[in-house]
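Step one of this worksheet: look at the structure below.
Here, residue 1 is the first one in the sequence, and each next residue gets the next number.
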Amino acid sequence: MKHLTVFFAATAAALVAPDQAIKLDEQQPAVSPDLVQTWWDSTVSRSAKIFTKIEKGIEKATSEFDGYSFDGFDGFNSDSNLPPLPLHERKPHRGDKTKTIYELIKSNKYTTKFASLLDNDDFSDIKDLLDSTSHNKTLFVPTDKAFERIPHHGDKPPPKEFVLALLKYHIAPGLHTKVDLYHKHTLPSNLSLDSLGSRPQRLRISTGLLFSIRVNVISKIVYGNILAKNGIIHAIDHILIPPPSQEKIISLLPNTFSTFSLGLEKTELSVPDHKGGTLFAPTNSAWRRLGPRANAFLFSQHGLKYLEALLKYHFVVDQTLYSDAFYNSHKDEKAAVEDAEGGKYWHVDLETLLDDKAIAVDVKRWKGWVSIVLNGFTKVIFQDGIASDGVVQVVGKVLIPPHGHHGHAGEDDDKDIEVEELKARLERYVDRDEAGDL
C-alpha cells in the first residue's frame, strides 16, 4: 500500500507560489507541530484530487497484498520486492568530490530556487551545514521544476520557522547512495519535533517500476548519486513537506478510515499527550469483516463502551514502531533503534491504551522484505505511514484483545464475530454501569 503516504508530500502542490517561496513572515512563533498542522489544515481544500487518487491507490494496494508469500514467509512489504539495481546505478559516478553539497547546488542551473533559500540570512545554519565537511550528509534537493508545480494562490507566504523545518526535512545524516536507499524503508532526517520526543522525523523510502526510488512516495529521485566532498545529493521532483499528525491522516482519507473516524467521534476517545506513538489503523474493510451484527452493537448506545475499549487497543503512546526503527521512551533510544535494525527477526510487546494490554509484534526480515505481524496472525498491510506524532501502521483486521494475558488471537476470529463473543473478549475492560443495561 505504498500510495498511502503520497499525501505526506502532496501538499507541496499547495504550499506557496514560486516567487513567494523566499518571502518570510517574521511574526510567527518558533517551529512546532501546531505550526506544521496549521499548514496541513490550510491545504486540504486545494488537494481534493490528490487525496482521491490516494484512496484509489490504497484500494489497489490492499487487493495486491492478499496472498503474498515467499517460501512460507507471508506478508512481506511489496515495496521491497526488489530486483538488483542496474550496474550503472550501483556505484556513484556523478558529481565533484572537490566541492561541497552547497557549492554543487549553487552552481547547478536546475537547483537555483533551493540554493536561493539557502542564501537567505535566516537559513545560514542550513547553508553552513551543507558546506561543512565535518560529517557526511545526504540532501534530497527539489529541482526548480518541483517549485514550478506549486500553484499560485492568495495565501500569505509561510513563516520562516516553517521553511526552516522544511529545509531540515530534506537532509539526512550520513551518506546514502541509491543502493543504500534501495534496501531501506525509512530514513531519519535532520528535522526533530517535540511531538516525537525530539527524535528525528523520518522519511519513507519506497521503490517502483524501472528501479525508481521515491521519498514519501510522491517525490521521485530523478537524478541521483551526485557525490560531493561532504556527502551525496539526490535530485527529486516534488518538495518534501513535514507530515501531519496521526489524527489528521485518518481524517484525510475517509474512504479508507471513515469507520475508524466515526468510532473516535462517537466515543469521544481522548488520546493522552504523548511523545511519539504507533497507531494500528484498521481500514473500512477491516470493520466490515466483523459483520453487521457486531458493528450494529458497537455503534449503538449500549455498545459504545465496548467500542471505546476496542479503539483503545489500537493506540500505543510513547513507543513509535517503524518497520526498521523503534523509538522507545522506555529504554535508551540508541539501543532501541539498533534492536529494530539488527537481525532477521525481533519481537516486542507494545502496551496500548487499553489498561496497558499489550500487542505482540513480530518483525521478520528476508533480504529486502519486511513483515510485521500482530498477535500471531494480523499483518500490517501498509507499513510506515509517517506522522508528526509517530507512525500509522495500517491493518486489514480490527484488533480484538486475545483471551488471557499472552494468548494469540485466531487467524479469522474477527470475521463475522458473534456479539456475545465480542462482549466476552472486552468485558473486563468495560465499566458495566456506564455501558448501559445489557
Side-chain angles (χ1 to χ4, degrees), residues 62 245-274 277-317 350-360 374-375 377-378 380-382 385 387 389-390 392-405 407-438:
T62 303
S245 66
Q246 296 171 342
E247 180 182 358
K248 176 58 69 174
I249 290 171
I250 297 303
S251 67
L252 288 175
L253 301 173
N255 290 342
T256 304
F257 298 120
S258 61
T259 308
F260 191 70
S261 293
L262 178 61
L264 296 176
E265 179 182 344
K266 290 181 72 70
T267 61
E268 298 181 350
L269 179 62
S270 177
V271 179
D273 291 338
H274 55 283
T278 306
L279 169 58
F280 295 103
T283 62
N284 290 341
S285 60
W287 289 94
R288 287 194 294 270
R289 280 178 57 93
L290 296 179
R293 292 183 180 181
N295 276 286
F297 168 70
L298 288 170
F299 287 87
S300 70
Q301 189 61 37
H302 292 317
L304 286 184
K305 283 299 174 181
Y306 289 90
L307 176 60
E308 181 180 3
L310 194 61
L311 294 175
K312 285 182 177 180
Y313 191 55
H314 292 76
F315 285 90
V316 176
V317 297
L350 298 179
E351 294 181 352
T352 69
L353 293 182
L354 186 62
D355 295 344
D356 295 332
K357 181 71 174 179
I359 296 175
L374 313 177
N375 292 340
F377 291 99
T378 302
V380 173
I381 59 177
F382 172 77
D389 55 350
V392 177
Q393 305 286 9
V394 181
V395 290
K397 300 179 183 179
V398 175
L399 302 179
I400 305 174
H403 293 291
H405 292 286
H408 281 172
E411 184 170 3
D412 290 318
D413 70 340
D414 65 315
K415 192 170 184 179
D416 295 318
I417 189 171
E418 294 293 336
V419 172
E420 292 304 318
E421 169 68 11
L422 183 61
K423 288 163 60 178
R425 299 272 287 273
L426 297 170
E427 194 79 56
R428 57 180 294 198
Y429 309 107
V430 174
D431 186 330
R432 292 185 61 86
D433 291 335
E434 295 184 22
D437 184 4
L438 302 180

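Atom CD of E421 has more than 12 heavy atoms from other residues, nucleotides or ligands within 6.0 Å.
Annotation for G396 and T283: closest pair CA-OG1, 4.5 Å, computed over non-hydrogen atoms. Considering all non-hydrogen atoms of both residues, F280 and T278 come closest at CZ-CG2, 3.7 Å. Closest of all the heavy-atom pairs between A286 and V398 is O-CG2, 3.7 Å. When all heavy atoms of N375 and A358 are compared, the closest pair comes out as OD1-O, 4.4 Å. Nearest heavy atom pair, residue Y429 against residue A309, reads CB-CB, 4.2 Å.
Partners of Q393 under the side-chain hydrogen bond (donor to acceptor under 3.5 Å, both in side chains) rule, at least two apart in sequence or in another chain, are D384. Remark: E351 engages no residue in a side-chain hydrogen bond (donor to acceptor under 3.5 Å, both in side chains) (not counting sequence neighbours). Residues satisfying the side-chain contact (heavy atoms from CB on, under 4.5 Å) criterion with T259, sequence neighbours excluded, are N284, W287, F299. Taking D355 as the reference, nothing meets the side-chain hydrogen bond (donor to acceptor under 3.5 Å, both in side chains) condition, with sequence neighbours excluded. A281 is linked by a side-chain contact (heavy atoms from CB on, under 4.5 Å) to I250, F257, L279, V392, counting only residues two or more places apart in sequence or in another chain.
The distance from atom CG of N295 to atom CZ of R289, rounded to the nearest 0.5 Å, is 12.5 Å. Atom CZ of residue F297 and atom CG of residue L304 lie 9.0 Å apart, to the nearest 0.5 angstrom. Going from atom NZ of K357 over to atom CG of L350 covers 13.5 Å, rounded to the nearest 0.5 Å. Here I249 contributes atom CD1 and E247 contributes atom CD; the two are 11.0 Å apart, rounded to the nearest 0.5 Å. The structure places CG of D356 at 11.0 Å from NZ of K312, a figure rounded to the nearest 0.5 Å. In this structure, the separation between NE2 on H314 and CG on L311 is 7.5 Å, given to the nearest 0.5 Å.
Side-chain atoms of L298 and L290, non-hydrogen and from C-beta on, do get closer than 4.5 Å to each other. Looking at F260 and L264, their side chains come closer than 4.5 Å, going by heavy atoms from C-beta outward. Contact check for Y313 versus I400: no side-chain heavy atoms found under the 4.5 Å cut-off. A heavy-atom distance below 4.5 Å is found between the side chains of P401 and L426. Here the side chains of K423 and V419 are in contact, with some heavy-atom distance below 4.5 Å.
At least one cation-pi condition fails for K397 and F377: the charged atom is not both under 6.0 angstrom from the six-membered ring centre and inside a 45 degree cone around its axis.
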Do any side-chain atoms of residues 266-273 form donor-acceptor pairs under 3.5 angstrom with protein atoms, and if so which ones, sequence neighbours left out?
unit_1 : atom_1 : unit_2 : atom_2 : d
T267   : OG1    : G263   : O      : 2.8
T267   : OG1    : L269   : N      : 3.4

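Checked by atom type and distance alone, the side chain of S251 pairs as donor or acceptor with a backbone atom of K248 at under 3.5 Å. A donor-acceptor pair is defined here as one N or O able to donate and one able to accept, closer than 3.5 Å; such a pair exists between the side chain of D389 and the backbone of Q246.
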